[in-house]
Amino acid sequence: MPALASSPSAALDVLGVPGEINLDYAATAPCARAAADAVTELLPWYASVHRGAGALSRRCTLAYERARQTVGDFLGARADDHVVFTRNTTDALNLLARSLPAGTTVVTFAGEHHANLLPWPRGSVRLPVPADPAGAVRALAAALTELRRDSNPALPVLVAVTGASNVTGELWPVAELARVAHRHGARIVLDAAQLAPHALVDKQALDVDYLAVSGHKLYAPFGAGVLVGRADWLDAAPPYLAGGGATSHVGPATHDVAWTTGPARHEGGTPNLLGAVALAAVCAALADADRAALAAHEQALLARLRAGLAALPHVVELRTFGPDAPRVGIVSFVVAGQDSATVAARLAAEHHIGVRDGLFCAHPLARRLLDEAATRTGRRDLPSTALRASIGLGSTAAQVDRLLAALAEVA
């Protein structure tokens with residue numbers, strides 16, 4: 001196969017260790033040059049945010065609020081949305097879960113990452129994993145119709161869905177699910193942790209009410225994430241973190257507290273300035289890049305990887321929808337007759353290739369797909385956990401070919 005070009009933008013070059021092949025982007029993406037440069041530039045000025053009158057503090061406050069604007073613009077935030085900085089997607093979804101009005105029912109699918117399964121309140125509805133994207137839309141419509149018929153129609157409903165599976169990379173029909181949700185008077189939150197690094201995510205175009213992303217998936221590994229969404233639930237909820245910055249007034253009595261509104265309500269304490277600035281720098285670099293060219297490069301690498309895996313007789317790919325379903329650069333698979341953790345260890349020790357092994361913090365889905373793979377292939381020697389290779393900025397055809405050659409040797 002012909003070699004493929006690397007990233008065309010220097011700001012989007014990623015850092016790495018010579019001789020080590022990182023194919024574990026879906027867990028934590030490497031640091032983009034844009035993020036590292038932005039942090040290095042700001043470090044001499046590092047000071048308090050919203051807490052001081054000195055030149056350093058003023059510059060850091062401005063950098064933090066500019067980062068909020070940049071990230072919000074990149075994700076298509078509406079003018080009246082809140083853009084709340086968090087630690088990661090898990091933190092953002094937990095913040096939203098804490099902000100739900102009393103009596104809210106959350107509807108999600110069993111194919112979600114744990115971050116979009118575990119935070120929701122008891123009584124939430126978990127729909128089975130659909131066979132295809134159209135099946136997801138039909139299942140949601142049926143569930144919401146039944147829910148509205150059987151419960152108080154005045155109580156809020158929130159639909160929680162992923163944009164791209166962290167196990168298979170398959171894309172979910174977010175815009176169609178949003179239309180169904182809104183038709184039934186429900187809101188929808190998008191877990192875009194795996195989608196945003198690979199594709200344009202526009203909150204307004206998708207018409208979702210809330211959106212969560214992680215900086216460490218988006219080439220900004222400095223511990224920042226974001227929740228973007230409608231203000232009313234967030235402004236009505238108790239602060240996610242009670243402390244300095246979240247208040248507008250604190251009186252002498254124990255509970256004499258008035259909480260502020262806006263993003264600061266849920267950003268108590270000194271914020272993660274460097275994380276916010278790093279995330280904004282990557283968002284700005286991606287906004288300036290040719291996203292179509294980046295996506296085409298990734299899809300060519302993905303096709304090369306999947307074709308190579310399919311040619312290995314003892315390797316079985318996991319999938320939810322079907323072999324031709326659209327997906328981002330994530331592939332999970334098993335090597336028949338071999339423990340996945342052992343294979344991953346050998347790839348690292350003998351070939352300097354890093355992949356993920358396990359159930360990928362999506363245990364219900366991963367176990368289901370392992371069972372499906374055994375049924376589909378008729379094999380009874382598939383392991384109980386899987387391997388995952390994931391690619392992105394900085395990935396090359398040579399790296400993919402090295403993985404395929406190493407797997408052929410291991411298998």
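Any value given below was found using the heavy atoms of this structure, including those in side chains, with hydrogens, waters and symmetry copies removed.
When the shell of 6.0 Å around CZ of Arg66 is examined, it contains 12 or fewer heavy atoms from other residues, nucleotides or ligands. Surrounding CZ of Arg187 are more than 12 heavy atoms belonging to other residues, nucleotides or ligands, all under 6.0 Å away. With a 6.0 Å radius and a threshold of 12 heavy atoms from other residues, nucleotides or ligands, Glu41 has its CD atom at or below the threshold. The local environment of CZ in Arg98 is sparse, with at most 12 non-hydrogen atoms from other residues, nucleotides or ligands closer than 6.0 Å. Counting heavy-atom neighbours within 6.0 Å of Arg148 CZ, excluding the residue itself, gives a total above 12.
Under a 3.5 Å cut-off, the side chain of Gln338 and the backbone N or O of His314 do not form any donor-acceptor pair. Checking side-chain atoms of His297 against main-chain N and O of Ser395 turns up a donor-acceptor pair under 3.5 Å. The backbone N or O of Leu393 lies less than 3.5 Å from a partner atom in the side chain of Tyr25, making a donor-acceptor pair. Under a 3.5 Å cut-off, the side chain of Glu298 and the backbone N or O of Gly329 do form a donor-acceptor pair. The main-chain N or O of Ala366 is never found under 3.5 Å from a side-chain atom of Arg368 such that the two would form a donor-acceptor pair. Looking only at distances, a side-chain donor or acceptor of Arg327 sits under 3.5 Å from a matching main-chain atom of Ala325. No donor-acceptor pair closer than 3.5 Å links the side chain of His82 to the backbone N or O of Val84. For Thr104 (side chain) and Pro101 (main-chain N/O), a donor-acceptor pair under 3.5 Å exists by modelled atom type.
Electrostatic pairing of Arg68 and Glu65 counts as a salt bridge here, judged by a charged N lying under 4.0 Å from a carboxylate O. Under the 4.0 Å criterion applied to side-chain N and carboxylate O atoms, Arg230 and Asp209 are assigned as salt-bridge partners. No salt bridge links Arg319 with Glu170; every basic N to acidic carboxylate O contact stays at or beyond 4.0 Å.
Of all the heavy atoms in Ala344 and Asp357, the pair that sits closest is CB-OD1, 3.5 Å. In plain terms, the two heavy atoms of Ala110 and Pro364 that are nearest each other are O-CB, 3.8 Å. Considering all non-hydrogen atoms of both residues, Ala47 and Leu273 come closest at O-CD2, 4.2 Å.
A donor atom on one side chain and an acceptor atom on the other are found under 3.5 Å apart for His182 and Asp207. Side-chain N/O atoms of Tyr240 and Asn94 include no donor and acceptor closer than 3.5 Å.
Proximity of Leu404 to Leu309: side-chain heavy atoms (C-beta onward) are separated by under 4.5 Å at one or more points. The closest side-chain heavy-atom distance from His266 to Ser99 is below 4.5 Å. Taking the side chain as every heavy atom from C-beta outward, Thr377 and Leu382 approach each other to under 4.5 Å.
The side-chain contact (heavy atoms from CB on, under 4.5 Å) test with Arg265 is passed by exactly one of Leu234, Leu241, Thr260: Thr260.
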